[in-house]
Amino acid sequence: MKYKQEFAKILYEALDHEIQEKELEMLIEKPKNHLHGDFAFPCFILAKVKRKSPAVIAQELSEKIQSPTIEKVEVVGAYINIFLNKKMVSEDTVAEIIKQQEKYGALDIGNNRPVTIDLSSPNIAKPFSMGHLRSTVIGNSLAFIVEKCGYKPIRINHIGDWGTQFGKLITAFKLWGEAEKVKQKPIKELLTLYVKFHDEAENDPSLVEQGRNWFKKLEDGDEEAAMLWQWFRDESLKEFSRIYELMNVQFDSFAGEAFYNDKMDHVVQLLEEKQLLVESDQAQVVELTDEGLPPCLIKKSDGATLYATRDLAAALYRKENYDFDLSLYVVGNEQSLHFKQLIAVLEKMGYAWASNMVHIPFGMMLKDGKKMSTRKGKVVLLEEVLNESIAMAKHNIEEKNPNLTNKNAVAKQVGVGAVMFHDLKNFRMNDIEFSLEDMLRFEGETGPYVQYTYARACSILRKGNWQMAVTAPISSPSWEKEWKVVSLLTEFTNAIKRAYEQFDPSQIAKYIVDLAQAFNKYYGDVKILEDNAEQQARLALVYSVTIVLKEGLRLLGIEAPEEM
RNA sequence: GUCCCGAUAGCUCAGCAGGAUAGAGCAACAGUUUCCUAAACUGUAGGUCGGAGGUUCGAAUCCUCUUCGGGACGCCA
């Protein structure tokens, strides 16, 4: 990034300050074809101002470009192509990475200010599906990315532990449930009951009525209802934590929906005070016509509160308790309208910080081109997928590296890494058609591919007895074959910046795949351990690559085994 | 009906505040292991960038319209 800035500055001087440095920096591009150099400046836009042909301008301008970091300047048509001084930039970059270690690439824009991240948020008594995987994995990665940019992330698991479905569940349990079965396989059994409830309810509408009653009892503090609720919740959380452990995801708070039960009245009161509540069809709503949105429902006609009310309470609570600079909600695309309304209502309430709330939507995990439905039992269980992936990784280890010492630990890292990476490598908004085959792929643009690259690089360092303390000569005469790798290493900060600006972890995923590809090509091309004068320089480069790959994976929440 | 997403190689996707011959991976085919982990590497083949207009010196990228797919649209979350 800094070399681009430098080039912009040189152009700025060469153009006698006619165009702002920042603007020039934006105009500079990275040529797709490496034959066109490391940076290019198209001169078309200067043609009108200078009233000369772009090619002539390019030629004239190019003559004024000179810098020790620039090795060669070429003019092709209207383009000024510049080639960086490979030796200087390579040695500089490698030294920088070795010096900064895992801090390399960090940005200093957050001032250690808090950023709350609402992620994962599974529903109690429902299986942890592939859909929740998306929120968990994207949110977790964003927390790391935001942290890398200098913020202090706060991961909040807004557990879905309240709502009418508990009435249904209690009803179903009372009718058909067996405590023993629930204890053994809590979620599976509760799901069976939930599905059965919906099947039976199609012919017996009274069930729905019973469900409503049980939920009412729960809300009124009925002892039996509360006990069952607590039990379902505990069992569910136990099962969830097993999955989080597999994926190595931690939270700062599990304050879910029930947590806000006693904080709703306050919100409603505030809305009343600000005279924002309007009655409509016996319900209480906030009108948002000015904002071009449908009204936001705050209270049902029976006086009960709703999702929006709860989220308002949560937003207020989070602002008060965490004093966030940014509040991110990693929640599916289908809830976009809800978040628009939520933010609009907060703005109407006069909270300027509402504009710091960002909904980060993502596409759906589809099954046969359609949304998965819990009610119909049409879900794929994440834990099963993870375990299958781990088994597959184990199988590969037995086949490819049977002497590996900690096989199970590595199998877990690789298997889980494959599933997580699969979810993170593409732009979040894309829908994903569920495919076990794709998810458990370990070749090509996958998590295991990056991990494998890392492991191989580590292996070389071991064999070459690389001592990080040896700061001595990382000098090499050409850095020709290393250039692609070095050039990518200089881009790491850029990838992090993009990932942050767009709240898009796939920017990091794509970057580390690129780096891994470049490194593997280099690995195949050059005998790194060859005992000659440049060996230390090559090892230093390999070491730099391991640092960046490992850090890149970490930002995605994926571990990097040193052997596999 | 209104609104929000998406459409690029057989499949999965990248590229999108406009720029030089549209890139990867998978699948297919052909190669590379007395050599640093072949979960790798090399090569071949594969494209009306959904369609039609428009803006521009220049459009996969911006604007309008349109087709198809997914989703959301008051008492679920």
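As the structure is a prediction and not an experimental result, all values here were calculated from the model. In the text below, chain A, chain B and the rest are named by the order of the sequence lines, each starting its count at 1.
- At a threshold of 4.0 angstrom between heavy atoms, the contacts of A:V513 with the nucleic acid are absent.
- When the P atom is compared between B:G6 and B:C16, the two are found 14 Å apart, to the nearest whole Å.
- Comparing A:E29 and A:L306 against RNA chain B, the residue whose closest nucleotide sits nearer the 5' end is A:E29.
- Of the candidate nucleotides B:C73, B:A40, B:A20, B:A40 has the atom lying nearest to any side-chain atom of A:E443.
- Using a 90° window around 0 for the glycosidic torsion, B:U55 falls outside it and is classed as anti.
- You'll find the side chain of A:L306 reaches within 4.5 Å of the side chain of A:K300, heavy atoms only.
- For A:N333, the listed nucleotide lying nearest its side chain is B:G70; candidates were B:G74, B:C75, B:G70.
- Checking the phosphate oxygens (OP1, OP2) of B:C13, no side-chain nitrogen or oxygen of A:K510 falls inside 4.0 Å.
- Between B:A38, B:G70, B:A77, one nucleotide has an atom nearer to the side chain of A:M364 than all others, and that is B:G70.
- Note on A:Q507: a side-chain N or O is less than 4.0 Å away from OP1 or OP2 of B:G15.
- Set against B:G74, B:A40, B:C73, the side chain of A:N520 has B:A40 as its closest nucleotide.
- Within the 4.5 Å cutoff, the side chain of A:S389 has heavy atoms near those of the A:F442 side chain.
- Judged by distance alone, the side chains of A:Y449 and A:N520 do bring a donor and an acceptor atom under 3.5 Å apart.
- Looking at heavy-atom distances under 4.0 Å, A:L529 makes contact with a base.
- The interatomic distance linking A:L440 (CG) with B:A39 (C1') rounds to 14 Å, in whole Å.
- Residue-level contact check: A:E530 touches neither bases nor backbone, having no heavy atom under 4.0 Å from any strand.
- Using a 4.0 Å heavy-atom distance criterion, A:V526 is classed as a base contact.
- Nearest to the side-chain atoms of A:S301 among the listed nucleotides B:A77, B:A39, B:C75 stands B:C75.
- A side-chain donor-acceptor contact under 3.5 Å links A:N401 to the backbone of A:M564.
- B:C49 and B:C62 have their C1' atoms separated by 16 Å, given to the nearest Å.
- Distance from the side chain of A:F427 is smallest to B:A14 among B:C75, B:A72, B:A14.
- Across all strands shown, A:R310 has no heavy atoms under 4.0 Å from either base or sugar-phosphate atoms.
- A side-chain donor-acceptor contact under 3.5 Å links A:S506 and A:K510.
- As judged by a 4.0 angstrom heavy-atom cut-off over every strand, A:Q517 is placed among residues touching the sugar-phosphate backbone only.
- Across all strands shown, B:A22 forms no Watson-Crick or G-U wobble pair with both distances under 3.5 Å.
- The residue A:N426 sits close only to the backbone: its heavy atoms come under 4.0 Å of sugar-phosphate atoms, none of a base.
- Across the strands present, B:G47 finds no partner; the criterion is a Watson-Crick or G-U wobble pair with both atom distances under 3.5 angstrom.
- Between A:F339 and A:Y329, the distance separating the two ring centers is shorter than 6.0 angstrom.
- Across all strands shown, A:S280 has heavy atoms under 4.0 Å from base atoms, whether or not it also approaches the sugar-phosphate.
- No engagement by A:D438 is indicated, since no non-hydrogen atom pair under 4.0 Å with the nucleic acid exists.
- Checking the phosphate oxygens (OP1, OP2) of B:A77, no side-chain nitrogen or oxygen of A:Y307 falls inside 4.0 Å.
- Checking the phosphate oxygens (OP1, OP2) of B:C41, a side-chain nitrogen or oxygen of A:Y449 falls inside 4.0 Å.
- At a threshold of 4.0 angstrom between heavy atoms, the contacts of A:I397 include nucleobase atoms, whether or not backbone atoms are also involved.
- Results of the salt bridge (Lys or Arg N to Asp or Glu O under 4.0 Å) test with A:D161 over A:R233, A:K126, A:R310 single out A:R233 as the only residue that passes.
- Counting only heavy atoms from C-beta outward, the side chains of A:Y522 and A:L541 approach each other to under 4.5 Å.
- At a threshold of 4.0 angstrom between heavy atoms, the contacts of A:K463 are confined to the sugar-phosphate backbone, with no base atom among them.
- Between the side chain of A:N81 and the base of B:A20, at least one donor-acceptor pair of N or O atoms lies under 3.5 Å.
- At the phosphate of B:C41, neither OP1 nor OP2 sits under 4.0 Å from any side-chain N or O atom of A:K521.
- Applying the 4.0 Å criterion to OP1 and OP2 of B:A20, one finds that A:K32 has a side-chain N or O inside that range.
- You'll find that the side chain of A:D281 is closest to B:C75, out of B:A77, B:C75, B:A39.
- Within the nucleic acid shown, A:A40 comes within 4.0 Å of at least one base atom, counting heavy atoms only.
- Within the 4.0 angstrom heavy-atom criterion, base atoms lie near A:M564.
- Closest to the side chain of A:Y452, from the set B:A40, B:U21, B:G70, is B:A40.
- Side-chain contact between A:K348 and A:L288 is present, with heavy atoms from C-beta onward closer than 4.5 Å.
- Between A:E445 atom CD and B:A40 atom C1' there is a gap of 15 Å when expressed in whole angstrom units.
- For A:L337, counting side-chain heavy atoms from C-beta on, the closest listed nucleotide (B:C73, B:A39, B:C4) is B:C73.
- Among the atoms of the strands shown, base atoms are found under 4.0 Å from some heavy atom of A:I528.
- A:S459 has a side-chain polar atom (N or O) that falls below the 4.0 Å cut-off from OP1 or OP2 of B:U37.
- Aromatic stacking is marked for A:H36 over B:A20, as both cut-offs hold: 5.5 Å for the centres and 30° for the planes.
- Distances shown here put every side-chain N or O of A:R462 at or beyond 4.0 Å from the OP1 or OP2 atom of B:C36.
- For A:N430, a side-chain nitrogen or oxygen approaches OP1 or OP2 of B:A14 to under 4.0 Å.
- B:A30 and B:G47 have their C1' atoms separated by 23 Å, with the value rounded to a whole Å.
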